[in-house]
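Report on one structure; see the data block that follows.
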Protein chains: 2
Amino acid sequence: MTTDPMTRRDIPDATVARLPGYLRALHPLVSAGVEVVSSEELATIAGVRSAGLRKDLSYLGSYGVRGVGYDVERLASEITRQLGLQHPWSVAIIGMGNLGHALAAYSGFATRGFKVQWLVDRDPAVVGTTIAGMQVVDFEQFAASVTEQVIAVISTPPVAAQEVADAVVALGVRSILNFAPGVLNVPAHTQVRKVDLATELQILAFHEQRGKDDARLGADGIEASG
Amino acid sequence: MTTDPMTRRDIPDATVARLPGYLRALHPLVSAGVEVVSSEELATIAGVRSAGLRKDLSYLGSYGVRGVGYDVERLASEITRQLGLQHPWSVAIIGMGNLGHALAAYSGFATRGFKVQWLVDRDPAVVGTTIAGMQVVDFEQFAASVTEQVIAVISTPPVAAQEVADAVVALGVRSILNFAPGVLNVPAHTQVRKVDLATELQILAFHEQRGKDDARLGADGIEASG
DNA sequence: GCCTGTGAACCATTTCACAGCC
DNA sequence: GGCTGTGAAATGGTTCACAGGC
């Protein structure tokens, strides 16, 4: 294994999806001044298995010490670096309905590496109002002021989502978080992640209906789900 | 393959997670009075591949006709049945901050098989107020009035989430949708699904940073992401 | 001829189990 | 002695390609 820090390792998608969880599990340890953590301990906090955690971390390189554990601070900063969170990313929230409103006010973005920079809506009655301390602008104002890389959050009604996606892609946006149910057609280089609230409930309904009590992770009947 | 309609087939999790998308793709077809759809057409609408769609549907049984396609209405009702959505599920939203507020007003729940029946908060200043046409109650009132099966949506601050989870599990709740970042410890028979908004952005940030332009699904550079 | 249903091949991810190192 | 890092095995999921039936 080359230790060259510039090697672009190929980190599996499944691992990438768990890194944010590890980072969040590490934060209280950093704050508490804990120096070292074992894969077993961290896995428990993060709600995964220790073997999986070790494999995940091994894709980032060798940041642990055998017989000891992982240096908390070093590991946190390495994951931060891998996720590209050294400096905050700009976020534009497009669609200022109930959900856009809530997202604008959500403090979790700021604490985890994101700066909501634009609130965008097309309704003239909403444009110009202040939400969570920010002025809502229309799409033209947004388009005119975007210069840097930005992540677009689409919280419009479903019918407008594709149109908005096309428009932000035309502005050069390459990352979209979509709350509108339905499929977005975007160019291949554009990353889209979808959050569909009703779908989540429907998946729960399926299991609830089946009474599917899968007793995985048995222990004393407690399963960590995070 | 037994065609016994009472056979409890084992539907893979990955398939279950896609069924809601198929159902939503079917709805406009049902409304438009389309009688039959091919796996190719439906797959395009749903943003998946036709072979995968056919395999998914094969787990539900044989509801297509070779050389013809799938009966739209029959397939929709079969998926509805499999997901357990013949009658609406009751939902309790716990935590009436910005997000809980938005969820209470979200029309997508009602249209996709759910009835928000309780809005719950612990803040005496919020309890008794009306949000989206419903009275907010405190946890005791909620606990006293739950009789049927209910899905709990946790939209409290992170620090309260575990406590709320314990409380609803004690009430007999077996399905939780959790918006609070962090791990929930619940008994093994309890289903938890998590939506972590900052995590989604962090995953996007990773790819944005890498400029990972994976040209999968090439065609003319358009990729469906739904 | 056409489109579903499905084994078989392939690929990704998870888990196991232990060698390697402190 | 203890804990990481990782090949190897097992599992789960996706894609291929074609047989089967209209």
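Protein chains get the first letters and strands the later ones, always in sequence-line order, with residue 1 at the start of each.
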Using the side-chain contact (heavy atoms from CB on, under 4.5 Å) rule, take B:Arg112 and A:Thr199 through it: C-alpha gap first, then chi angles, then the decisive distance, then the call. CA-CA 8 Å; B:Arg112 287 169 69 193; A:Thr199 291; 2.9 Å; yes
Can you tell me if the side-chain N/O atoms of A:Arg49 get under 4.0 Å from OP1 or OP2 in C:dT15? yes
Any idea which of C:dT13, C:dT15, C:dT6 is nearest the B:Lys55 side chain? C:dT6
Any N or O donor-acceptor pair linking the side chain of B:Arg66 to the base of D:dG20 at under 3.5 Å? yes
Residue A:Val65, side-chain atoms from C-beta onward, closest of C:dC22, C:dG5, D:dA17: C:dC22
Taking side chain to side chain contact (heavy atoms under 4.5 Å, CB included) as the criterion, tell me which of A:Val186, A:Ile176, A:Thr190 meets it with A:Val168. A:Ile176
Tell me: OH of B:Tyr70 to C1' of D:dG21, nearest whole Å? 14 Å
Rounding to an integer number of Å, can you tell me how far B:Tyr22 OH sits from C:dT4 P? 13 Å
I want to check one thing: is the phosphate of C:dT4, taken as OP1 and OP2, less than 4.0 Å away from some side-chain N or O of B:Ser39? yes
Per B:Ser58 side chain, nearest of listed nucleotides D:dT15, C:dT6, D:dC3: C:dT6
Closest to the A:Arg54 side chain, choosing from D:dC3, D:dG5, D:dG13: D:dG5
Nearest whole angstrom, please: distance from the P of C:dT4 to the CG of B:Leu60. 14 Å
Report yes if a side-chain nitrogen or oxygen of A:Ser38 is closer than 4.0 Å to either non-bridging phosphate oxygen (OP1 or OP2) of D:dC3; otherwise report no. no
